[in-house]
Amino acid sequence: MVGNQDRWREDIFVACPLRNLVPDDHILKRVDEVLDLSWLRDEVAGSYCSDNGRPSIDPEAALRLMLAGYLEGIVHDRKLMRRAQTDIAIRWFAGYRLHERLPDHSSLTKIRQRWGEERFRRIFKRTVGECVKAGLVDGETVHVDATLIRADVSWESLVEEHVEQVMVENKEEAESSGETESKPRRRPGRPRTRPAQRKKRSKTDPEATMATSSHRWHLVPCFKQHTVVDDKGGVILDVAVTTGEASEGNELLAQLDRVEEQTGKKVQAVTADAGYGRAKNYAGLEERKVDAVVVPQREAGAASKLPLRRFKYDSRHQLVRCPAGKILYRQGEQPTERGWIYRARACDCRQCPLKQRCVPKSGAVRTVLIVDGYEALLRARRARNRGWDEDRKELYRRHQWWAEGRNGEAKIQHGLARAVRRGLWNVAIQSYLTAAVINLKRLAKAVAGNPRLRPAVVALTRLIDGFRRLLGLHPATACVVAV
């Protein structure tokens with residue numbers, strides 16, 4: 001027979017624990033079993049006045065609202081609070097009864113401004129520490145990758161400005177703050193003959209710079225997130241946010257330092273794509289005795305010209321020998337920002353049979369740049385040309401679905417494809433919260449898959465909830481509401 005649901009008749013009273021209305025396999029319920037924020041109140045106490053003003057929103061409730069939004073893929077505060085009005089799971093996760101009034105969406109914005117970027121970084125590091133305690137982190141093999149985050153600006157806000165004008169303004173600002181060097185370094189080379197290249201910046205978010213992930217795609221205003229993922233369980237160990245035009249190769253060694261400090265273990269192997277294949281990174285990894293499974297960058301220059309690899313570098317005697325056997329000598333007493341410049345003599349290049357292929361038309365002699373760590377780069381290129389062994393190939397395959405997969409998960413499921421707010425610190429907070437919820441998902445999955453660990457966590461969670469209800473520190477999970 002056909003059933004009949006009397007959906008227009010409302011109950012006068014609803015009496016049951018709010019936890020029972022949330023399915024056991026709901027992501028918020030699973031994360032709640034492993035989430036401990038008892039330390040948060042003491043952490044943020046310095047941001048509030050202890051003897052003046054009205055009581056603020058409970059810090060744990062505010063952070064739980066933010067985490068619930070990112071877990072559900074809701075990154076906008078207005079949409080999150082509108083969803084929380086009708087979503088029982090979010091209300092229960094944040095600790096609000098059905099009849100209690102939720103905070104305004106602007107309160108979350110003020111809380112982020114009050115706490116600052118560094119506190120949200122500590123929140124993310126807490127999730128890494130919990131994953132380390134649960135045995136989800138190996139710490140010896142890590143995968144490093146970077147991804148672009150589209151800035152929250154429109155194309156109409158972009159304006160062109162000259163590079164030299166920006167440099168002059170930055171120099172004047174540095175001089176006013178007393179940060180200029182007493183003896184500025186003179187850049188070698190001839191003076192500029194071509195007009196300065198114009199750069200585009202956004203008027204609404206000047207910290208967003210133009211960048212692209214492929215030469216086949218146009219430049220977009222964006223930021224860049226640098227991510228380190230552990231090989232054992234896919235836990236994000238470190239994230240850093242820079243402007244879009246910043247090179248990811250400059251962040252590698254500093255990130256490894258932070259990872260070793262966080263995990264307490266020494267990194268043994270690192271995988272990364274060609275964006276990290278720089279000479280200084282290979283030299284730094286060799287100094288640390290770290291196995292670098294990093295794709296070297298391609299050599300610059302046209303195929304018809306003699307490449308730099310044809311020149312033999314002698315670091316012991318500080319000279320370079322060209323393919324014709326002539327010697328190029330080091331120029332200057334100070335290196336440039338990237339390394340040392342070596343120049344041939346005019347008499348050697350004038351009668352050289354390789355001059356047409358070697359010396360550019362605009363010059364009379366051949367000049368080469370030997371970057372710092374050049375020998376380590378040569379060794380990495382030789383190893384790549386000979387072919388990696390099966391262990392390295394397998395390690396790099398795991399890099400593709402660990403590091404790149406985590407960036408894809410953050411963008412598709414948690415809204416990191418586009419910045420929600422403007423400013424570098426705002427994007428950094430969004431990145432920290434996204435990485436935190438991804439780690440919490442890994443931790444919740446590990447607890448659910450470990451029968452010996454799950455009862456202890458559930459019992460501890462219920463014990464903490466009981467004490468909070470007795471002390472009035474956390475809203476009760478039970479509700480009796482007149483409808």
Side-chain angles (χ1 to χ4, degrees), residues 7 9-41 44 54-112 115 120 123 127 413-415 420 430 433-434 436-438 440-441 443-444 447-448 457-458 460-483:
R7 61 182 181 276
R9 185 178 63 184
E10 298 182 355
D11 296 332
I12 299 178
F13 293 98
V14 177
C16 70
L18 201 57
R19 175 189 291 268
N20 294 349
L21 302 179
V22 183
D24 292 336
D25 59 348
H26 197 282
I27 182 62
L28 295 181
K29 200 166 188 178
R30 294 171 60 185
V31 168
D32 182 73
E33 295 179 357
V34 298
L35 183 61
D36 179 19
L37 297 177
S38 58
W39 54 271
L40 183 62
R41 182 178 294 271
V44 302
R54 61 185 178 87
S56 68
I57 301 173
D58 182 18
E60 181 174 347
L63 181 57
R64 281 175 170 267
L65 283 172
M66 298 180 195
L67 294 176
Y70 280 91
L71 283 167
E72 296 286 350
I74 307 172
V75 293
H76 294 88
D77 293 339
R78 288 179 182 268
K79 186 176 181 181
L80 171 63
M81 302 314 299
R82 193 177 296 117
R83 171 77 172 273
Q85 291 285 349
T86 58
D87 196 314
I88 296 177
I90 295 180
R91 278 183 172 270
W92 167 80
F93 185 76
Y96 285 91
R97 298 181 179 92
L98 291 178
H99 68 283
E100 285 185 320
R101 183 177 180 180
L102 293 168
D104 189 75
H105 67 88
S106 61
S107 300
L108 300 182
T109 302
K110 295 176 182 177
I111 288 175
R112 282 190 296 269
W115 291 2
F120 283 94
I123 292 170
T127 63
Q413 300 183 19
H414 304 291
V420 184
Q430 181 181 357
L433 289 175
T434 303
V437 300
I438 291 178
L440 289 174
K441 287 166 58 178
L443 186 60
V447 171
V457 174
V458 173
L460 179 62
T461 302
R462 292 178 178 176
L463 181 62
I464 293 175
D465 287 344
F467 278 113
R468 287 175 179 171
R469 285 196 297 270
L470 291 175
L471 299 176
L473 298 178
H474 191 281
T477 56
C479 61
V480 179
V481 182
V483 181

Closest approach of [X] to [Y] (non-hydrogen atoms, all atoms of both residues):
{"X": "Ala68", "Y": "Phe93", "answer": "CB-CD2, 3.9 Å"}
{"X": "Gly69", "Y": "Leu80", "answer": "CA-CD1, 3.6 Å"}
{"X": "Ala94", "Y": "Ala61", "answer": "O-CB, 3.5 Å"}
{"X": "Ala84", "Y": "Ile90", "answer": "CB-CG2, 3.7 Å"}
{"X": "Ala444", "Y": "Arg30", "answer": "CB-O, 3.6 Å"}

Got a second to check how far [X]'s [atom1] is from [Y]'s [atom2], nearest 0.5 Å?
{"X": "His105", "Y": "Met81", "atom1": "NE2", "atom2": "CE", "answer": "9.5 Å"}
{"X": "Asp58", "Y": "Leu65", "atom1": "CG", "atom2": "CG", "answer": "10.0 Å"}
{"X": "Ile57", "Y": "Ile111", "atom1": "CD1", "atom2": "CD1", "answer": "4.5 Å"}
{"X": "Ile74", "Y": "Lys79", "atom1": "CD1", "atom2": "NZ", "answer": "6.0 Å"}
{"X": "Leu71", "Y": "Met66", "atom1": "CG", "atom2": "CE", "answer": "13.5 Å"}
{"X": "Ile438", "Y": "Leu443", "atom1": "CD1", "atom2": "CG", "answer": "14.0 Å"}

### Message
Any salt bridge linking Arg64 with Asp32? Criterion: basic side-chain nitrogen under 4.0 Å from a carboxylate oxygen.
### Response
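So Arg64 pairs with Asp32 through a salt bridge.
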* To do: Answer yes when Asp24 and Lys29 have at least one side-chain N-carboxylate O distance shorter than 4.0 Å, and no when they do not.
  =>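 Yes, this pair counts.
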Can you confirm whether [X] sits close enough to [Y] that some side-chain heavy atom of one is under 4.5 Å from a side-chain heavy atom of the other?
{"X": "Leu102", "Y": "Arg91", "answer": "yes"}
{"X": "Leu21", "Y": "Trp92", "answer": "no"}
{"X": "His414", "Y": "Lys441", "answer": "yes"}

message = Can you list everything that forms a side chain to side chain donor-acceptor pair (under 3.5 Å) with Thr109? Sequence neighbours excluded, please.
response =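 For Thr109, the residues satisfying side chain to side chain donor-acceptor pair (under 3.5 Å) (neighbours in sequence not counted) are Asp77, Arg112.
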Check your understanding: Stepwise, does the side-chain contact (heavy atoms from CB on, under 4.5 Å) test hold for Trp39 with Val44?
Key -> CA-CA 9 Å; Trp39 54 271; Val44 302; over 6 Å; no
Which of these, Leu67, Leu63, Leu28, sits in a side chain to side chain contact (heavy atoms under 4.5 Å, CB included) with Leu35?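 That would be Leu67; it is the only one of Leu67, Leu63, Leu28 passing the side chain to side chain contact (heavy atoms under 4.5 Å, CB included) with Leu35.
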Residues in side-chain contact (heavy atoms from CB on, under 4.5 Å) with Val75, at least two apart?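 By the side-chain contact (heavy atoms from CB on, under 4.5 Å) rule, Val75 matches Tyr70, Val420.
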Please confirm whether the backbone N or O of Pro103 pairs with a side-chain atom of Ser107, one donor and one acceptor, at under 3.5 Å?
->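 Checking the backbone N and O of Pro103 against the side chain of Ser107, no donor-acceptor pair under 3.5 Å is found.
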